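Please read the structure below before turning to the comments.
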2 protein chains.
Amino acid sequence: MKRFVLIEQLLKDKGIRLTTQRRLVVRRAVSHLHFTAEELVADVRAIEPSVARGTVYRVLILLHEAGVLEKHDFWHGPPYYEVTFGKAHHDHLMCVQCGEIIEFQEPRWERLQEEVVKQHGYQLLSHTHKLYGLCERCQHVDPKRASKPPHLHVEEVVA
Amino acid sequence: MKRFVLIEQLLKDKGIRLTTQRRLVVRRAVSHLHFTAEELVADVRAIEPSVARGTVYRVLILLHEAGVLEKHDFWHGPPYYEVTFGKAHHDHLMCVQCGEIIEFQEPRWERLQEEVVKQHGYQLLSHTHKLYGLCERCQHVDPKRASKPPHLHVEEVVA
DNA sequence: CTAAAATTGAGACTGAGTCTCAACTAGATT
DNA sequence: AATCTAGTTGAGACTCAGTCTCAATTTTAG
Ligand SMILES: [Zn+2]
Ligand SMILES: [Zn+2]
Ligand SMILES: [Zn+2]
Ligand SMILES: [Zn+2]
């Protein structure tokens, strides 16, 4: 089953009306790994120019509220979004020198986390773990000779 | 030694000119646990109204580039900043509704992390863990009526 | 002291995202 | 199928955070 069909069902189950525009925006959104809101606007309009900017942003809010959209913030520039529906949860280990990204799962973390959250009376909605370091290869390279770290940008994934 | 003195030294060592305005902004910034940029602008101006908004934002960029400023993003609203220099490591639990930020330490977590990193041959340099959720109060409040109090935690006052 | 370089204040500007509202559906109900 | 109505849309004005410009000022180097 296509991912967007399942997401449409998810929205429907929440009593959200499925319009032509929403279907289109959702389909374009799931077709990208990472995208900025404005990129999505342009992408949707390349297919159906009449779709309003506000409509696209409203769909992003719907997906966010449905818990299937992640936002990746950087210091510079607009955030990148990512539809996470149907993807297994994972965290990230990144090399600050070469930009390598390792994705991994750690159930003990996830358990510990629930514990911490309950201690403070919180209801957990989502979380982000990012580990920054040097990969084996980069540990043995003279920093002066090392290639510039490719800025994480769209490759950076937040759990 | 006061934290802001050490930060001023850090900036100086980077060849950054220390002006009266910069000293004031740094001192006000380190006096808060978490703050939005606009809160800092208002805070600084309460002491010295002539300081320009741009000056405050420029100091934030300097602190960021010096690696002593962390940015905490939410879905709604502006990011919160935090001067991390000289503080014991901690992670964050944030309420997405009211913006409350709880800092906590979890040694088991940190240990587990070292383990994971070593498994991949990495040398850990830094990390961030952010847990997003609803605080106890916000779980029982209609989102539409929820107040949005800025959580301006004052740690120390600098004249 | 003087000149060059960096920083500042003020406010215009940008860009992301939100809001308003009249016109328009999707989907429920005859 | 026709009707009804609450939810949705397009268009563009609007808000807000953050950046930029530039003349005036301040700092540092010589
Ligand atoms: Zn995790
Ligand atoms: Zn590497
Ligand atoms: Zn930690
Ligand atoms: Zn709250």
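For clarity, every value in this text was computed on a predicted model and none was experimentally measured.
Applying the salt bridge (charged side-chain N to carboxylate O under 4.0 Å, His left out) test to residues at least two apart or on different chains, the pairs with a partner in residues 48-57 of chain B are B:Glu38-B:Arg53. Applying the ring pair (Phe, Tyr, Trp, His ring centres under 6.0 Å) rule to pairs touching residues 42-62 of chain B yields nothing, sequence neighbours excluded. Annotation: ring pair (Phe, Tyr, Trp, His ring centres under 6.0 Å) contacts involving residues 8-29 of chain A, sequence neighbours excluded, are absent.
By the side-chain contact (heavy atoms from CB on, under 4.5 Å) test, B:Leu6 pairs with B:Met1, B:Phe85, sequence neighbours left out. Contacts of A:Lys12 classified as salt bridge (charged side-chain N to carboxylate O under 4.0 Å, His left out), with partners at least two apart in sequence or in another chain: none. Remark: B:Asp91 pairs with no residue by the salt bridge (charged side-chain N to carboxylate O under 4.0 Å, His left out) rule, at least two apart or across chains. Applying the side-chain hydrogen bond (donor to acceptor under 3.5 Å, both in side chains) rule to B:Glu115 yields the partners A:Arg108; only residues at least two apart in sequence or on another chain are considered. Considering only residues two or more places apart in sequence or on other chains, B:Arg22 meets the side-chain contact (heavy atoms from CB on, under 4.5 Å) condition with B:Ile16, B:Arg17, B:Thr19, B:Val59, B:Leu62.
No side-chain donor from either of A:His34 and A:His32 sits under 3.5 Å from a side-chain acceptor of the other. When only modelled atom types and interatomic distance are considered, B:Glu82 and B:His90 share a side-chain donor-acceptor pair under 3.5 Å. A donor-acceptor contact under 3.5 angstrom links the side chains of B:Gln113 and B:Glu110, judged on distance only.
Using a 4.0 Å heavy-atom criterion, one finds that A:Ile61 contacts the sugar-phosphate atoms exclusively. Within 4.0 Å of A:Tyr81, counting heavy atoms only, lie sugar-phosphate atoms of the nucleic acid but no base atom. Residue contacts shown for A:Thr36 are absent, as no nucleic acid heavy atom lies under 4.0 Å away.
Across residues 51-58 of chain B, B:Val51, B:Ala52, B:Thr55, B:Arg58 each have a non-hydrogen atom less than 4.0 Å from an atom of DNA chain C (numbered order). Taken residue by residue, residues 14-23 of chain B places heavy atoms nearer than 4.0 Å to DNA chain C at B:Arg17, B:Thr19, B:Gln21, B:Arg22.
Ring planes of A:His129 and B:His129: parallel class, angle under 30° (limits at 30 and 60°).
Distance CG (A:Leu62) to C1' (C:dT18): 14 Å, rounded to an integer number of Å. Look at CD on A:Glu38: it is 5 Å from P on C:dA16, rounded to the nearest Å. Atom NE2 of A:His76 and atom C1' of C:dT14 are 16 Å apart (whole Å).
Bending across the helix from C:dC1-D:dG30 to C:dT30-D:dA1, expressed as the angle between its end axes from five pairs apiece, amounts to 40° (10° rounding).
Using a cutoff of 4.0 Å between basic side-chain nitrogens and carboxylate oxygens, A:Asp73 and A:Lys71 are scored as salt-bridged.
Of all nucleotides in DNA chain D having an atom under 4.0 Å from a heavy atom of chain A, the first and last in 5' to 3' order are D:dA6 to D:dA11.
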